[in-house]
Amino acid sequence: MIGVLISSLIAMILYVIGLLVIVIRSKKSSSVMFKNGMILFIVGYVITFVVFYFALPAITVPNMLIANTIIAILLLPILLMATKTDKKVETRLAVPITTLLSLSVIAIIVVIFVGVASLDNSYDSIAKAEQEEAKPLTKDQTPITVAPEFARNKIQKAMSVVPNTQFYDLGKLQVQEVNGEVIYVAPVEFADFFKYLRGKETAGYFTISATDVNAQPVFHEEAMTYTNSSYFNKYVNRVIYNKYPQYIQSGEAQIELDEDGKSWYVQTIYRPISITNKPDLQDIKAVVIDPQTGDLKMYNANEVPDFIEGSISSEMATLENKYFGKYIHGWINSLFGKRDVKIPNESGVESSVTPIFDEEGEMYYFTDFSSPKENIDSALGYSLIHARTGELTYFSGQKNSGIMDSEGAKQIVNKEFPEKKWEGYMPVLYNIDGNPTWVVNVLDPNGLHKQYAYIKADDADFVVFGDTASETLDAYRMALLQRPGNVEATDDAMLENRNGTVTRVLVTSTEQGQAVQFLLENDQTIYTINASKFPHAIFLQPTDKVEAEVHVIDENNATIETLKVEGLVE
């Protein structure tokens, strides 16, 4: 309540100044005018309190200036009417009050202009770096997570296990790594106001694997009083506002689990730059609140407890991408000329971004960028924003030049199954052995997972579909090797010399060509060569002695650049 009381009081300042001017300058009795003014003050304060209680406007210069101006414009004319003599308002009052309100309107215009000019400062506050391309994936990495639409669909079907399930709906899904497993966490939330009045507290939360499409949701019973769907002083955003009313909250609070499985709500907040509402992206905070007791604590975003993956909200990451792409040379350039301007696409699954995890378990928000010019569907690059620090890394190397954007990748999937109405979701660009590759979930109209699609980002005709992420990845890698004229997937790896005696050989044929795989004595590495590069490889057989220059993908796989087989033409 304290935050609402304070902000409502600040919003009345301009009215109070006008009241004092009227009391001092009016020909009527000062005590009468003051009494009338205080009655209006109380009425206005109560109305403002009610509005602010639900709207929760942060105590910032733009917000409070606009609120002051609106309240003064509504209440001061009413007070002036009480000074009428001969049906006319006293001229000595009308002039200063009109001047006061005019200055307030001018101040709003100035603040808006300063806010626009501060966009450059917000851009400069972004911790950013550029790289040519991301590290290639290893065979053990699965470059995909289950689409949240599919996870939500599964959890919805399991809602019947929730006690008094008629009280609840499913809340916002949050991806998180818990005990080495990437999962979705989704709280059950009150369905409406009347369900809140009857239930008072929610029943718990669901978890489901974010990497295994065959996993089933698990319900965890845990009573929560302070939630996103609670009302009055149990509403999470209001609890935070009442303690930190001078901070702007970014998006909806999200739920995360600690090592013991206890749930916590996490909300991103920030103080704006100067007299604006624009964020200083080097000074982002996060509030962690206990949904059972309402106890809360504010941290620097990069100093939150270790179990929290996303102290930077997806909404904040989306805003950061917008500033990074649009205001690279200032806001004037973003309107005229648009040199180097790039626009983030909106194909993400959370506020236009998609959360992903690297091999070390760190979470990032992925977004690709396209040109502001119309009818251009190629990507200029993509960004990864660290979900705890907010640091943005932009990848724009030569291999990413001219590749299709995320919308183009989704359209390729959509056109593949028109009769089934399957569609592509959650496109993410990965570096698979040096090839920019779109990995897309394929879902049916009911949100059920059907397949994965791996699309070579610079070749719309190169698409591999599969039932599981790992199988599709293997098939995609094989297709890369079998594609005549394909740029080798492992150009960036160091060449190594290998030799030995062949023990096993496998020749695989597809519409795209042939690939030869073989093993050597005392060596578990699977060697693969495109038959178009070395046609005689298809005649390999056990006991053949070979010498080769190879690119090592990982400890179990390598591709061959040059091959010499004893007894065959080199």
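This one's a predicted model, so the numbers in the text were calculated from it and none came from an experiment. For the numbers below, each heavy atom of this structure counts, side chains included, while hydrogens, waters and symmetry mates do not. This chain uses plain numbering: 1 for the first residue, then up along the sequence.
At most 12 non-hydrogen atoms from other residues, nucleotides or ligands lie less than 6.0 angstrom from CG of Asp306. A 6.0 Å sphere centred on CD of Gln282 holds more than 12 heavy atoms belonging to other residues, nucleotides or ligands. Residue Lys128 places its NZ atom among more than 12 non-hydrogen atoms of other residues, nucleotides or ligands, all under 6.0 Å distant. The number of heavy-atom neighbours closer than 6.0 Å to NZ of Lys421, taken from other residues, nucleotides and ligands shown, is 12 or below.
Contact annotation: the side chain of Val178 never approaches that of Phe307 to less than 4.5 Å [non-hydrogen atoms, C-beta and beyond]. Looking at Tyr244 and Leu296, their side chains come closer than 4.5 Å, going by heavy atoms from C-beta outward. Contact annotation: the side chain of Ile432 approaches that of Arg477 to within less than 4.5 Å [non-hydrogen atoms, C-beta and beyond]. With a 4.5 Å cut-off on side-chain heavy atoms, Val188 and Phe206 count as touching. Side chains of His220 and Val218 form a contact here, defined as non-hydrogen atoms less than 4.5 Å apart. Contact of the Trp264 side chain with the Ile289 side chain is not registered, since no non-hydrogen atoms from C-beta on lie closer than 4.5 Å. Counting heavy atoms from C-beta outward, Val146 and His449 have side chains that stay 4.5 Å or more apart. By the 4.5 Å heavy-atom criterion applied to side chains, Ile59 and Ile6 are counted as neighbours.
The aromatic rings of Tyr196 and Phe190 stand perpendicular to each other, their planes meeting at an angle above 60°, with 30° marking the opposite boundary. Using cut-offs of 30° and 60° on the angle between ring planes, the pair His386 and Tyr364 is perpendicular.
Separation of the Phe465 and Phe417 ring centroids falls under the 6.0 Å cut-off.
In terms of heavy atoms, Val304 sits closest to Ala286 at CG1-CB, 3.7 Å. Across all their heavy atoms, Ala67 and Ala11 have their closest contact at CB-CB, 3.9 Å. Closest of all the heavy-atom pairs between Ile312 and Ala301 is CD1-CB, 3.7 Å. A pairwise comparison of heavy atoms in Val439 and Tyr430 identifies CG2-CD1, 3.6 Å as the closest pair. Of all heavy-atom pairs spanning Gly251 and Asn237, the tightest one is O-ND2, 4.1 Å.
Both tests pass for Lys342 against the ring of Tyr394: distance under 6.0 Å to the centre and angle within 45° of the axis. Geometrically, Lys456 does not engage Tyr476 in a cation-pi contact defined by less than 6.0 Å to the ring centre and at most 45° from the axis.
For the side chain to side chain contact (heavy atoms under 4.5 Å, CB included) with Ile455, the qualifying choice from Thr437, Val413, Leu429 is Val413, the only one to do so. Screening Glu189, Glu315, Glu256 for a salt bridge (Lys or Arg N to Asp or Glu O under 4.0 Å) involving Lys172 leaves a single residue, Glu315.
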Quiz item: Step by step, would you call Leu281 with Ile284 a side-chain contact (heavy atoms from CB on, under 4.5 Å)?
Solution: CA-CA 6 Å; Leu281 293 166; Ile284 304 299; 4.2 Å; yes

Practice problem: Under the side-chain contact (heavy atoms from CB on, under 4.5 Å) rule, what do Phe462 and Leu480 come out as? Steps first, then yes or no, please. | Solution: CA-CA 9 Å; Phe462 196 108; Leu480 287 172; 3.8 Å; yes

Practice problem: Please assess Val213 against Phe150 for the test side-chain contact (heavy atoms from CB on, under 4.5 Å), listing each intermediate value before the final yes or no. | Solution: CA-CA 8 Å; Val213 295; Phe150 176 62; 3.9 Å; yes

Practice problem: Let me see the working for Tyr226 and Tyr265 under ring-ring contact (aromatic ring centres under 6.0 Å, His included), right down to the final yes or no. | Solution: CA-CA 9 Å; Tyr226 297 84; Tyr265 273 102; 9.8 Å; no

Exercise. Determine, step by step, whether Glu423 and Lys410 satisfy the side-chain contact (heavy atoms from CB on, under 4.5 Å) criterion, reporting the C-alpha distance in whole Å, the side-chain angles of both residues, the deciding distance to 0.1 Å, and the verdict.
Key: CA-CA 7 Å; Glu423 294 186 351; Lys410 287 168 62 177; over 6 Å; no

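Taken to the nearest 0.5 Å, the CG atom of Leu392 stands 14.0 Å off from the OH atom of Tyr323. Atom NZ of Lys234 and atom CE of Met224 lie 15.0 Å apart (nearest 0.5 Å). Taken to the nearest 0.5 Å, the CD atom of Gln451 stands 11.5 Å off from the CD atom of Glu471. The CD1 atom of Ile183 lies 10.0 Å from the CD atom of Gln174; values are rounded to the nearest 0.5 Å. Note that OG1 of Thr202 is 12.0 Å distant from CG of Asp169, once rounded to the nearest 0.5 Å. Separating the NZ atom in Lys278 from the OH atom in Tyr270 is a distance of 8.0 Å, to the nearest 0.5 Å.
A search for side chain to side chain donor-acceptor pair (under 3.5 Å) contacts involving Ser334 returns nothing, not counting sequence neighbours. With sequence neighbours excluded, the residues forming a side chain to side chain donor-acceptor pair (under 3.5 Å) with Ser347 are Ser406, Glu407, listed by chain and number.
Taking 4.0 Å as the cut-off between side-chain N and carboxylate O, Asp283 and Lys285 count as a salt-bridged pair.
Side-chain atoms of Ser209 come within 3.5 Å of backbone atoms of Thr211 as a donor-acceptor pair (strictly under, hydrogens ignored).
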Show me the donor-acceptor pairs, under 3.5 Å and distance only, between side chains in residues 109-123 and residues at least two apart or in other chains.
residue: Ser118; atom: OG; partner: Val114; partner atom: O; Å: 2.8
residue: Asp120; atom: OD1; partner: Trp331; partner atom: N; Å: 3.0
residue: Ser122; atom: OG; partner: Pro279; partner atom: O; Å: 2.9

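Counted by atom type alone, Asn63 and Asn277 present one or more donor-acceptor pairs between their side chains at under 3.5 Å. Side-chain contact of Ser250 with Ser313: a donor-acceptor pair under 3.5 Å is present, judged by distance alone.
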